[in-house]
Amino acid sequence: MSQTLLERAAAPAARLMLVDCDVHHALRSPADLHPYLSQRWREHLKTYGSRKPTPFTGASPFFKSAPALSRKDTWPPAGGTPGSDLAFMQEQLLDRYGIEAGMLHLLSITGMDQRNQDFGAALCRAINEWQYAEWTQQDRRLKAAIVVPGEDAPAAIAEIEHWAGNRDFCQVSLVTHTIEPMGRRRYWPIFEAAAANGLPIGLHSSGSNGHAISPAGWSSFYTEEHHSIAISQQGLVSSLVCEGVFSRIPALKVVIVEAGLAWVPSLCWRLDRHWARMRDEVPHLTRPPSEYIREQMWFTTQPMDEPENPDDLRDILSWLGWDRILFATDYPHWDFDDPDTAMKVSLTEQQRRMVFRDNARSVYGLDK
Amino acid sequence: MSFPTTGAIDCDLHPAVPGMRALLPYLDDHWREQVVVRGIDGLDPSSFPVNIPANGRPGSRPDGGKPGSDLALLQQQALAPFHTRFGICNVLYGAQSVHNVDLAAALSRAINDWLAAEWLDREPRLRGSIVVPIQDIDLAVDEIDRRAADHRFVQILLPAASDAPYGKRRYWPLFAAAERHGLPVCLHAGSTFRHATTLNGWPSYYLEDTVAMSQAHQAQLLSLVSEGVFTKFPGLTVVLAESGFTWLPQFMWRAVKTWRAMRAEIPWVDRAPSEIIRDHVRFTLQPTDAPPDAAMMARTIEQIGTDRFLLFSTDYPHWHFDAQAALPEGLSPALVQRMLIDNPLETYPRLRESLP
């Protein structure tokens with residue numbers, strides 16, 4: 001086994017207050033949403049359930065590495081699934097690592113990729129009510145994302161406008177597996193509404209759209225599906241840029257969550273090169289694609305990329321831009337990044353503050 | 001960088017099939033009649049529309065013809081300027097995308113025989129890649145076995161994306177045939193459009209389809225490694241053509257990290273994916289997707305960690321550089337030497353047979 005695994009960070013991050021840009025709370029069961037659903041949709045949830053373009057009602061076709069995707073030690077002693085017990089999350093994550101703000105991303109049920117769009121919209125509202133009542137109001141360090149039914153722009157905009165101005169919500173969350181490429185115009189009104197309300201779009205890899213997980217088709221293994229996040233997000237970023245989303249909506253901010261980030265520099269090089277040859281096809285892009293990415297996109301660190309030579313990570317972060325990088329743990333999932341040890345290179349004090357706290361404060365407006 | 005040597009081996013050239021009429025002499029009676037009676041034509045791949053400037057460098061279009069359709073122009077523009085000793089022809093025409101597998105097989109045979117008769121017979125520096133009907137593995141292997149007897153065919157050609165990831169066992173007979181004949185398998189940029197070019201569906205712009213081809217290559221590489229193809233076929237070499245290589249370091253880091261965590265799922269992968277890739281996978285040079293400066297390119301090459309991975313290519317007639325500026329900044333003279341000559345000779349055993 002490589003030496004790098006055994007190396008520890010030169011300077012532990014513990015004494016700096018952190019912003020964790022990917023924390024997973026969870027429902028104990030879908031019944032947790034019952035108080036926030038109408039009679040009709042409660043019955044629908046019980047009877048028809050969550051229907052997505054996936055083959056199983058109770059599992060992903062790529063069976064994960066661990067039950068609930070989670071570290072064994074994150075199952076709450078009082079019962080329930082990992083991430084479902086606030087007190088245990090406080091003890092195991094927020095207090096232990098000195099986290100001043102944790103950005104919540106709910107994965108266990110989503111409204112956006114429901115095939116019944118009315119149910120999807122009702123679920124999104126219920127999830128947001130539940131997040132507000134049971135999480136962000138219970139611990140002021142936790143910040144929610146407004147979950148929206150992104151395939152139905154008018155409903156998504158209504159959801160954004162319902163919560164906008166409520167500082168418990170710091171971003172708008174769409175699933176990444178959209179039915180059409182993320183930059184296509186059906187999604188523009190959602191981006192415009194988010195930008196108009198000063199909210200970044202947070203894109204945590206999630207959802208189902210019926211498309212194969214790569215241009216090459218369906219893979220066999222979770223090993224591939226896990227890595228495929230980093231591959232497919234390259235297409236998502238390309239779409240946002242090439243469709244002109246950033247050039248058309250200069251105030252828009254987009255955060256890519258849980259895809260790693262070492263793939264970003266080479267994607268930028270490739271986009272810039274081919275844009276230079278084909279810019280007559282995309283006249284709405286007046287500058288190289290990488291410039292839009294560097295100004296309007298941010299990337300969370302987890303799962304932390306681990307070059308063979310650990311120092312190469314510094315090159316990658318520097319090529320991407322220190323102001324683009326947001327630290328994330330992905331608690332309570334199995335591939336959790338420990339704030340004290342995940343970063344295998346020593347950073348300057350200024351770089352540490354930017355990556356572990358200040359960039360997130362800035363992009364999410366936490367100082368306001 | 002000026003061009004430093006003679007005897008370069010160009011691993012990605014694209015002679016163009018002018019149209020179905022040109023293939024008629026190479027089809028059997030049944031398919032010749034079907035093609036004529038039904039008007040089957042127009043199989044230029046949507047991955048490479050011929051009028052897009054990137055697909056035809058200035059001056060590469062003969063009067064009324066497609067870029068790459070004229071041997072004299074290819075000799076003058078691709079072979080002469082680089083003092084090329086061998087050039088490997090990858091024909092991009094739609095055989096692998098048709099749904100009728102018998103037609104796919106007939107077209108593959110016709111393309112290969114057309115290439116042999118009209119290009120390889122007329123220009124001794126040219127070599128061929130065997131086009132195979134990948135839609136049906138038995139027919140694909142038949143075509144490899146048929147054409148491999150001609151040692152001017154030096155590899156097997158597959159589109160970067162087709163029905164399923166190539167690591168899957170349904171494709172293993174093809175890798176067995178490749179190993180048996182000493183033929184590398186080239187995954188060339190391009191999709192048969194069985195799946196959308198991105199996980200989010202069909203992008204609006206050709207620019208995005210082009211960029212997405214490196215994602216197809218990444219997914220294929222992950223599949224080939226994860227399914228254990230290189231464990232099962234230790235003599236196999238895979239060439240990834242025309243989708244860059246500067247994405248490789250980050251890909252290997254992620255693949256190794258995921259493998260460390262998940263190797264119980266794929267126990268046949270018995271060493272780090274990065275080691276497997278360095279031993280078995282090669283990349284063509286153009287388009288290079290170079291970083292903004294030479295120092296970053298040099299760092300990227302160091303991160304790739306081997307000087308055996310890179311194969312010279314002009315990608316003629318596709319347009320990625322002007323005049324003779326085929327070499328990006330940041331490659332060491334030693335790497336350039338390996339890329340131009342040594343690596344292609346190592347990768348393609350059949351090229352060595354032609355050396356004096």
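Worth saying up front: this structure is predicted, and the values here are computed from it rather than measured. Naming convention: chains lettered A, B, ... in sequence-line order (proteins, then strands); numbering from 1 in each chain.
Of the residues considered (B:W247, B:W202, B:W259, B:W253), B:W253 shows the highest number of contacts with chain A, using heavy-atom pairs under 4.5 Å. Among the candidates A:G183, A:A276, A:S239, the residue making the largest number of heavy-atom pairs closer than 4.5 Å to chain B is A:S239. Across A:D280, A:V282, A:D305, the residue that shares the most heavy-atom pairs under 4.5 angstrom with chain B is A:V282. When A:E180, A:H274, A:M182 are compared by the number of non-hydrogen pairs under 4.5 Å with chain B, A:H274 comes out ahead. Ranked by heavy-atom pairs under 4.5 Å with chain A, the list B:T192, B:T288, B:L207 is led by B:L207. Chosen from B:T198, B:D163, B:L222, the residue pairing most often with chain A at heavy-atom distances under 4.5 Å is B:L222. Comparing B:G305, B:G201, B:A264 by heavy-atom pairs within less than 4.5 Å of chain A, the highest count is held by B:G201.
Residues B:P292 and A:W269 are in side-chain contact: their nearest non-hydrogen atoms beyond the backbone lie under 4.5 Å apart. Between A:S219 and B:P165 there is a side-chain heavy-atom pair separated by less than 4.5 Å. Residues B:N200 and A:H211 are not in side-chain contact: their nearest non-hydrogen atoms beyond the backbone lie 4.5 Å or more apart. The shortest distance between side-chain heavy atoms of A:E306 and B:R260 falls below 4.5 Å.
The closest donor-acceptor contact from the side chain of A:R277 to the backbone of B:P53 lies at 3.5 Å or more, if one exists at all. Here the side chain of B:K257 pairs no donor or acceptor atom with the backbone of A:P303 at under 3.5 angstrom. Judged purely by atom type and a 3.5 angstrom limit, A:R270 has no side-chain atom pairing as donor or acceptor with the backbone of B:D289. In terms of modelled atom types and a separation under 3.5 Å, the side chain of A:E281 and the main chain of B:Y206 share a donor-acceptor contact. In this structure a side-chain-to-backbone donor-acceptor pair under 3.5 Å is present from A:N209 to B:L199. Checking side-chain atoms of B:E208 against main-chain N and O of A:C242 turns up no donor-acceptor pair under 3.5 Å.
Residue A:I179 touches chain B through its backbone alone, counting heavy-atom pairs closer than 4.5 Å. Interface residue B:A290: only backbone heavy atoms are found under 4.5 Å from chain A. Both the backbone and the side chain of B:M296 have a heavy atom closer than 4.5 Å to some heavy atom of chain A. Neither the backbone nor the side chain of B:H217 comes within contact range of chain A; no heavy atoms are under 4.5 Å apart. For A:L267, the part lying near chain B is the side chain, with the backbone staying farther off; criterion is any non-hydrogen pair under 4.5 Å. Residue B:P249 does not touch chain A at all, counting heavy-atom pairs closer than 4.5 Å. Both the backbone and the side chain of B:A255 come within less than 4.5 Å of a heavy atom in chain A. For chain A, the nearby parts of B:T246 are the backbone and the side chain; heavy atoms of each come within less than 4.5 Å. Only the side chain of B:I266 comes within contact range of chain A, with heavy atoms under 4.5 Å apart. Residue B:S162 touches chain A through its backbone alone, counting heavy-atom pairs closer than 4.5 Å. Heavy atoms closer than 4.5 Å to chain A are found in both the backbone and the side chain of B:F251. In this structure, chain A has heavy atoms under 4.5 Å from both the backbone and the side chain of B:S214. Using a 4.5 Å cut-off between heavy atoms, A:T176 touches chain B through its backbone atoms (N, CA, C, O) alone.
The two atoms that bring A:A216 and B:A219 nearest to each other are CB-CB, 4.2 Å, heavy atoms only.
Atoms CG and CD, from A:L313 and B:Q250 in turn, are 12.5 Å apart once rounded to the nearest 0.5 Å. With values rounded to the nearest 0.5 angstrom, A:D315 atom CG is found 6.5 Å from B:Q303 atom CD.
The environment of CZ in A:R185 is sparse: at most 12 heavy-atom neighbours from other residues, nucleotides or ligands sit within 6.0 Å.
Note on A:E308 versus B:R278: salt bridge recorded, some NZ/NE/NH1/NH2 to OD/OE distance being below 4.0 Å. The existence of a salt bridge linking A:K64 and B:E265 is excluded, since no basic side-chain nitrogen approaches an acidic carboxylate oxygen closer than 4.0 Å.
Residues B:Y205 and A:H284 bring their aromatic ring centres within 6.0 Å.
Under the 3.5 Å distance criterion, with hydrogens and angles disregarded, a donor-acceptor pair is assigned to the side chains of B:E227 and A:S220. With 3.5 Å as the limit, one finds a donor-acceptor pair spanning the side chains of B:R254 and A:H226. Between the side chains of B:Q215 and A:S214, not a single donor N or O lies within less than 3.5 Å of an accepting N or O.
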